[in-house]
Amino acid sequence: MDAAAPAALRRCAALDRRLVNAVRGIRVLDTVAWPAAVERRFLDDLQHGREIVPRFEYRVPDLSVQRAQLDAIAAKADASHPLGAYLRRSAESWQTAARMLEAVGTHRVTAPSIELYGRPGDALPGGTQTNLDAARWFLEIAEELGNGALPEAEYCIPAEVLRDEVQAEVDACFGTGTVRVEIDPELTSKAAAGATRIRLRGATCFSEYDRSQLLAHEAFVHTLTARNGRAQPVLKSLARTAPRATATQEGLAVFAELMSGSIDIARLQRISLRILAIDMALSGADFVEVYRWFRAHGQNVADSFYSTQRVFRGVPVTGGAAFTKDNVYLAGLLTVHTFFRWAFKRRRLDLMQHLFSGKLALDDAIALRPCFADGSVAPPQYLPPWIQRSQGLAAKLAFSLFANRIRMGRIGEWDD
């Protein structure tokens, strides 16, 4: 930060540096993650006819120092300044995450998880429908199209081949050697992305849709926004997703799949099944009940285990508790879609682009408008291909806005 910068910006930059340092030890997904050995043991037991509930001990972190630092940052942030208000919101959400992680392995994870990621019964913006209603609707459509079974990939792209293909794409976007694409045999999800590295799960069969979704979701949203956040002149914390921004970031990533033509009905089906599974766990279903439910809905053994463990990360597997992060994918998609339509209707393409300037929440894109105007928050250095093609994006959003005016109930003459 230039010494000639206004005092308010220098204070915000100093607080932001403190925030970045304070949250380094708060690693949400790493803390609640299950070791790959747990999956191998469960699947091995299944092969021997034993359906045994997974059990292992979490490492409970002591985050008291970080919480004290976050308290001090929130207290010093000037909420009358947009940057100060952002810092206070972010510090408070990291405090919630720290409380959640210090309760890892207990039912006490559920309440802060819901505070950060919501619950399936939460209402969607602009109406009375809930995330649970949306999940049921997408699942009903998917089952009608596919008779309830998730389709298998027609062919397999080996992890090594996919790594090389993705590496070529990210090199073309960010520059050769800027972002590494690696295979991680211990990764439980199919992919994970940061500012300098994208990891792929080893010994996994990837489909062509997986490839497209990974590029749109991981590379051109998660990695892209992290790199844009690193380039910020004041808020370097925008390179890391504050817990309060998770719903927007994941929703934006799934929206990118939709806009780039990378999403398929099976993807929406998987997302919807997980939301319903969270609701089941919160209502008392245990690990085995949820696992059997996934199996009954057409997922194979390995995918059913993976989906079930996502619901029970960080909480007891006996029922009545859940890690609700998977709630954000569909709710986030619908909320981001609504935001893009709203911004397009008001001819505010700049607001759509602002979302890629770092790990922003939707309310940040609005609240930080004065900071984009004065340059204290920089516009994105990188944009995904589909938003660079602004005329194509405009066509999709214009069509969506008009199509919503058509009332399907009045087209009765097409019914059988």
Side-chain angles (χ1 to χ4, degrees), residues 1-23 73-94 173-175 178-179 194-196 220-242 244-246 248-249 251-253 255-256 336 339-340 342-390 393-394:
M1 175 64 60
D2 192 323
L9 290 188
R10 294 199 302 273
R11 285 194 296 271
C12 287
L15 280 177
D16 187 71
R17 287 193 294 271
R18 291 175 60 183
L19 178 65
V20 170
N21 289 329
V23 304
I73 292 166
K76 288 182 177 294
D78 179 6
S80 66
H81 191 287
L83 295 180
Y86 160 84
L87 289 166
R88 180 173 293 184
R89 291 193 300 270
S90 294
E92 289 172 348
S93 80
W94 281 109
C173 179
F174 304 115
T178 304
V179 177
T196 61
F220 298 142
V221 172
H222 290 330
T223 294
L224 182 145
T225 52
R227 297 206 65 80
N228 285 336
R230 283 189 167 196
Q232 286 299 326
V234 181
L235 299 178
K236 301 296 184 183
S237 60
L238 282 174
R240 186 167 180 186
T241 307
R244 53 178 285 275
T246 301
T248 297
Q249 288 299 304
L252 183 61
F255 182 74
V336 168
F339 176 83
F340 267 70
W342 172 86
F344 175 77
K345 189 174 183 179
R346 286 157 180 77
R347 308 298 189 265
R348 293 301 306 269
L349 182 63
D350 59 321
L351 290 179
M352 304 179 202
Q353 295 182 345
H354 287 172
L355 275 181
F356 294 93
S357 298
K359 302 292 187 178
L360 293 162
L362 283 179
D363 58 350
D364 296 329
I366 303 297
L368 294 175
R369 278 184 294 183
C371 304
F372 281 102
D374 67 21
S376 54
V377 177
Q381 180 178 352
Y382 303 103
L383 285 169
W386 57 269
I387 202 169
Q388 292 182 48
R389 297 189 289 268
S390 58
L393 174 62

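A distance-only check finds a donor-acceptor pair linking the side chain of Arg369 to the backbone of Ile366 [under 3.5 Å]. In this structure, Asp78 contributes its side chain and Gly84 its backbone to no donor-acceptor pair below 3.5 Å. Of the possible polar contacts, one joining the Asp364 side chain to the Ala361 backbone as a donor-acceptor pair under 3.5 Å is found. Not one N or O on the side chain of Lys359 forms a donor-acceptor pair closer than 3.5 Å with the backbone of Ala239.
Rounding to the nearest 0.5 Å gives a distance of 9.5 Å between CG of Leu224 and CG of Leu252. Here Arg240 contributes atom CZ and Leu19 contributes atom CG; the two are 9.5 Å apart, rounded to the nearest 0.5 Å. With rounding to the nearest 0.5 angstrom, the CD1 atom of Ile387 is 11.0 Å from the CZ atom of Arg389. Distance CD1/Ile73 to CG/Leu15: 6.5 Å, rounded to 0.5 Å.
What you find for Val179 and Arg227 is that their closest heavy atoms are CG2-CD, 4.0 Å. Listed here is the closest heavy atom pair of Ala79 and Ala85: O-CB, 3.6 Å. Across Gln249 and His222, no two heavy atoms sit closer than the pair O-CE1, 3.7 Å. When all heavy atoms are compared, the tightest approach of Ala74 to Arg88 is O-NE, 3.1 Å. Of all heavy-atom pairs spanning Ala343 and Leu351, the tightest one is CB-CB, 4.4 Å. Scanning all heavy atoms of the two residues, the minimum distance from Ser376 to Val234 falls at O-CG2, 3.6 Å.
Considering only residues two or more places apart in sequence or on other chains, Ala242 meets the side-chain contact (heavy atoms from CB on, under 4.5 Å) condition with Ser90, Ser93, Trp94, Arg244. In this structure, the ring pair (Phe, Tyr, Trp, His ring centres under 6.0 Å) partners of His354, at least two apart in sequence or on a different chain, are Phe372.
Here the side chains of Leu368 and Leu360 are in contact, with some heavy-atom distance below 4.5 Å. Inter-residue side-chain proximity for Ser237 and Tyr86 is flagged as met; some heavy-atom pair is nearer than 4.5 Å. Side-chain contact between Gln232 and Asp16 is absent, with no heavy-atom pair separated by less than 4.5 Å. In this structure, the side chains of Leu235 and Leu87 come closer than 4.5 Å at one or more pairs of heavy atoms. Side-chain atoms of Leu393 and Gln388, non-hydrogen and from C-beta on, never get closer than 4.5 Å to each other. Here the side chains of Leu355 and Phe340 are in contact, with some heavy-atom distance below 4.5 Å.
Geometrically, Arg347 engages Phe344 in a cation-pi contact defined by less than 6.0 Å to the ring centre and at most 45° from the axis.
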Side-chain donor-acceptor distances from residues 379-386 under 3.5 Å, at least two apart:
none

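Crowding of Lys76 atom NZ: a count of heavy atoms from other residues, nucleotides or ligands under 6.0 Å not exceeding 12.
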Would you sort out whether Leu238 and Thr225 count as a side-chain contact (heavy atoms from CB on, under 4.5 Å), showing the intermediate values?
CA-CA 8 Å; Leu238 282 174; Thr225 52; over 6 Å; no
